[in-house]
Amino acid sequence: MKKYLVIGNPIDHSLSPRLHNYWFRENNIDAIYEKKQIKEIDIKRIISDIRNNKIEGINVTVPFKKSVIPFLDRAEIPENIQSVNTIYSEKNNITGLNKIIGTNTDIVGFKYALEHTKFSIKGKKIFILGAGGVTPSIIYVLQEMEPSIIMLSNRTKEKAENLKKLFPQLELIEWGDTENFDMIINTTSLGLKENDKLPVNYDRIGSGKFFYDVIYNPIETNFLKIGKSLGNITLNGKLMFIYQALSAFNIWHGLEPDVDENIIKLLDQ
Ligand code: ATR
């Protein structure tokens, strides 16, 4: 039986096993997908398990998306995105050895989720909160869609400044300031806990804007709740999560499972 893993720390919250194991059953694939909490020091050994055919593929989540990169033979990622979330192997027919390749399916996940909404980014003012692991993938997708401006605000200014080195067109905003925007995106982890509050001045926003949260558990963060109550469109990170998983599944198995109501329900707690 083939084995797949998602590695991270913490890892309990991950719904990737639920999704991939469902698709294994649906597609009659003899495989199992498990989650594993690891430490930085374990990365080398786990990746060598792919080389030795003990593991077929790995998803990587916080905080290892960058630290796995030196252990790969090749990272197929854009230059300004130091983030790998999917690892697979390629057999060299001459040597018989596996080459370990990392890629990033968060990018395509966010892109598909946006396309699904039919909200056009072109010419719009985008305001991003946070500068964590997933933020570069989000910026990468947005900038391809030609917004008029991408503003970004992060509690730790240095991390926002580091992102600006990778994406010079970013306009940095002080943490706590709320600028005029058409779309606001939460990429921070604020909202995972019930009492989490983002420092957004909701009085000045008005209606008809687009509130997006990368968080999908809880289904509706306070940020989305308030956005909705003010008459804005809202979307959580569930579609992005599903599509990044689907893209990884496609890389590993060459199949593209349907995303239907069953999948959406499967992920509801
Ligand atoms: P990592 O930074 O390891 O990639 P992450 O979960 O991907 O972790 O990202 C965490 C994001 O949430 C960061 O933007 C972080 O802000 P800092 O860079 O200032 O740490 C943000 N974040 C987490 N807790 C926060 C809090 N209590 N207040 C404000 N921002 C917070």
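Both ligands and their constituent atoms are indexed starting at 1 by order of listing. Only this structure's heavy atoms are used, side chains among them; waters, hydrogens and symmetry mates stay out.
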Verify the neighbour count for atom NZ of Lys2: are there more than 12 heavy atoms of other residues, nucleotides or ligands below 6.0 Å?
no
Heavy-atom contacts with ligand 1 below 4.0 Å: which residues, ordered by chain and residue number?
Gly130, Ala131, Gly132, Gly133, Asn154, Arg155, Thr156, Lys159, Trp175, Thr188, Ser189, Leu190
Tell me whether the count of non-hydrogen atoms from other residues, nucleotides or ligands lying under 6.0 Å of OH in Tyr22 goes above 12.
yes
Can any side-chain N or O of Lys35 pair as donor or acceptor with the backbone N or O of Asp12 at less than 3.5 Å?
yes
If you count the non-hydrogen atoms of other residues, nucleotides and ligands that lie under 6.0 Å from CD in Glu194, is the total more than 12?
no
Between Asn27 and Ile29, is there a donor-acceptor pair closer than 3.5 Å when you use the side chain of the first and the backbone of the second?
no
Measuring from atom CZ of Arg51 to atom CG of Asp73, what distance do you get when rounded to the nearest 0.5 angstrom?
4.5 Å
